[in-house]
Amino acid sequence: MLRWLIGGGREPQGLAEKSPLQTIGEEQTQNPYTELLVLKAHHDIVRFLVQLDDYRFASAGDDGVVVVWNAQTGEKLLELNGHTQKITAIITFPSLESCEEKNQLILTASADRTVIVWDSDTGRQVQRILCFQSTVKCLTVLQRLDVWLSGGNDLCVWNRKLDLLCKTSHLSDTGISALVEIPKNCVVAAVGKELIIFRLVAPTEGSLEWDILEIKHLLDHQDNILSLINVNDLSFVTGSHIGELIIWDALDWTMQAYERNFWDPSPQLDTQQEIKLCQKSNDISIHHFTCDEENVFAAVGRGLYVYNLQMKRVIACQKTAHDSNVLHIAKLPNRQLISCSEDGSVRIWELREKQQLAAEPVPTGFFNMWGFGRVNKQASQPVKKQQENATSCSLELIGDLIGHSSSVEMFLYFEDHGLVTCSADHLIILWKNGERESGLRSLRLFQKLEENGDLYLAV
């Protein structure tokens, strides 16, 4: 484990002339992360981080190993070995609140077509499930029903005792890429360009068996769905490879908003030709979402977009937030956003309000801010007049964390212990609030002096 003190921003050589990438000066006065700990335990790409509690997290990746860490000190607590190929999904399965014995489990899926259940406190392998016919790509827990689901070429439902309760038939060779819980004992699964709504039927007096039913197929996306998250209890959002953003009603599964105005669809081109044209123009895949009560934040290609749920339009964007694709984003307190990218950087942004200029055209669609396609001037004029004096926002760069030498896959935020990032360089970095850490070191020093009686002698 290495501890570094850091300061200053990066100065990309020759980049200012070639790219509109926003940079930050040497003095990053609003960036609290001025110290870092480098954690070494993995021997391949580290793709996953999952928080276990207020001070522990687990990491996993292509070496098939799970490591449990102390987020405060960077100490390696446990190393879990059992998979023979790369790990494809990881989640925690907390114990029930009514249960006296608090025993949190870690579930990991692998390309070796197994799922292993671990005890997060001891590292003991509770059970290894071998009955899968394909790689499990996603795992999710339905805490209210005390069951967990595994998604691959089919969808399986398991209880805490690891009994298989029910499963679907073979869904697709593509497999389930994402899975979230929605109301009415339902889940929504992303399978290629489709969304499939499933309903879980729990045992009743009339039937002692669990069942899982296909309720509806949603076929509105024109390309593979890459991102799927819950916005709130009443809606969820999906994003596709060609930049389609759709917000759905979680109760009746209808579209609440659909945005994809980023090129000029020509009647001579069919959908597939349009997709090829779009892909050549720029990478506009929606790789990740995060949200708060007001906005959906989208990682789109190399950019960041803030979509307001009430206004149903983009209120802020950074078209080139990074040099390469943005892989993961998270909303922090105080209107801050963190993003990480294939370019190896982690950047901190602040969402600020600004008065929109009267002469500035208002985009009529989600990605018209990109400059793709033609805006209908007549149609946009009333909108422009209506929005002339409306408040818009900007994403301002306030921190640039440079420590990894390869793609940063994802990160975790701990309010008290800092930021944790994982990378294709096989490393994990624990970014620390320098001012806070300095205060803690001083406090520990005073406590030690007091214990030894040296403090009173000094006085």
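Just so you know, residue 1 is the first one in the sequence shown, and it goes up from there.
The two residues G82 and I116 make their nearest non-hydrogen contact at C-CD1, 3.7 Å. Summarising the geometry of G399 relative to N31, their closest heavy-atom pair is CA-CB, 3.9 Å, with the distance given to 0.1 Å. The minimum heavy-atom distance linking A330 with L337 is given by the pair O-CD1, 3.3 Å.
Although no hydrogens or angles enter the test, the distance criterion places no donor-acceptor pair under 3.5 Å between the side chain of H404 and the main chain of G344. A side-chain donor-acceptor contact under 3.5 Å links R56 to the backbone of S120. Side-chain N or O atoms of Q104 include one that pairs as donor or acceptor with a backbone N or O of L52 at under 3.5 Å. S110 places a side-chain N or O within donor-acceptor distance of the main-chain N or O of K86, the cut-off being under 3.5 Å. Not one N or O on the side chain of T254 forms a donor-acceptor pair closer than 3.5 Å with the backbone of D249. In terms of modelled atom types and a separation under 3.5 Å, the side chain of S240 and the main chain of H221 share no donor-acceptor contact. Of the possible donor and acceptor atoms, one in the side chain of N230 sits under 3.5 Å from a partner among the backbone N and O of E181. Side-chain N or O atoms of D323 include none that pairs as donor or acceptor with a backbone N or O of D343 at under 3.5 Å. For the pair K216 (side chain) and I196 (backbone), a donor-acceptor distance under 3.5 Å is absent. Using a distance-only test at 3.5 Å, with no hydrogens or angles considered, no donor-acceptor pair links the side chain of Q51 to the main chain of L412.
Note on ring orientation: taking the six-membered ring where Trp is involved, the planes of W148 and W158 are parallel (angle under 30°, cut-offs 30° and 60°). Using cut-offs of 30° and 60° on the angle between ring planes, the pair F236 and W248 is parallel. Ring geometry for H328 versus F411: interplanar angle over 60°, hence perpendicular rather than tilted (30 to 60°). Classified by interplanar angle (parallel below 30°, tilted 30° to 60°, perpendicular above 60°), the ring pair F57/W69 is parallel.
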Under the side chain to side chain contact (heavy atoms under 4.5 Å, CB included) criterion, do I182 and K184 qualify, and how do the steps go? CA-CA 7 Å; I182 55 176; K184 301 179 181 178; over 6 Å; no
For H241 and N224: C-alpha separation, side-chain torsions, deciding distance, then whether side chain to side chain donor-acceptor pair (under 3.5 Å) applies. CA-CA 6 Å; H241 182 64; N224 289 340; over 6 Å; no
Does the pair L427 and K40 meet the rule for a side chain to side chain contact (heavy atoms under 4.5 Å, CB included), with working shown? CA-CA 6 Å; L427 299 177; K40 297 182 178 181; 3.5 Å; yes
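Checked by atom type, the side-chain pair H288/S227 shows no donor-acceptor distance below 3.5 Å. Donor-acceptor pairing under 3.5 Å is recorded for the side chains of D173 and H170. Side-chain contact, D63 with H43: no donor N or O sits under 3.5 Å from an acceptor N or O.
Under the 4.0 Å criterion applied to side-chain N and carboxylate O atoms, R335 and D292 are not assigned as salt-bridge partners. Using a 4.0 Å cut-off between charged side-chain N and carboxylate O, D223 and K193 make no salt bridge.
Proximity of I315 to E294: side-chain heavy atoms (C-beta onward) are nowhere separated by under 4.5 Å. For the pair V188 and T238, the minimum side-chain heavy-atom distance is 4.5 Å or more. Side-chain contact between L218 and I197 is present, with heavy atoms from C-beta onward closer than 4.5 Å. Two residues are said to be in side-chain contact when any heavy atoms from C-beta on lie closer than 4.5 Å; N232 and E293 fail this criterion.
Atom CG of D416 sits about 14.0 Å away from atom OH of Y55, to the nearest 0.5 Å. Considering CG of L304 and CD1 of I329, their distance stands at 6.0 Å, rounded to 0.5 Å. With values rounded to the nearest 0.5 angstrom, L351 atom CG is found 9.5 Å from E396 atom CD.
Results of the side-chain contact (heavy atoms from CB on, under 4.5 Å) test with I286 over V326, V300, L226 single out V300 as the only residue that passes.
For CG of N159, the number of neighbouring non-hydrogen atoms (other residues, nucleotides, ligands) closer than 6.0 Å is greater than 12. By the 6.0 Å contact criterion, CG on D233 is open, its count of non-hydrogen atoms from other residues, nucleotides or ligands being 12 or less.
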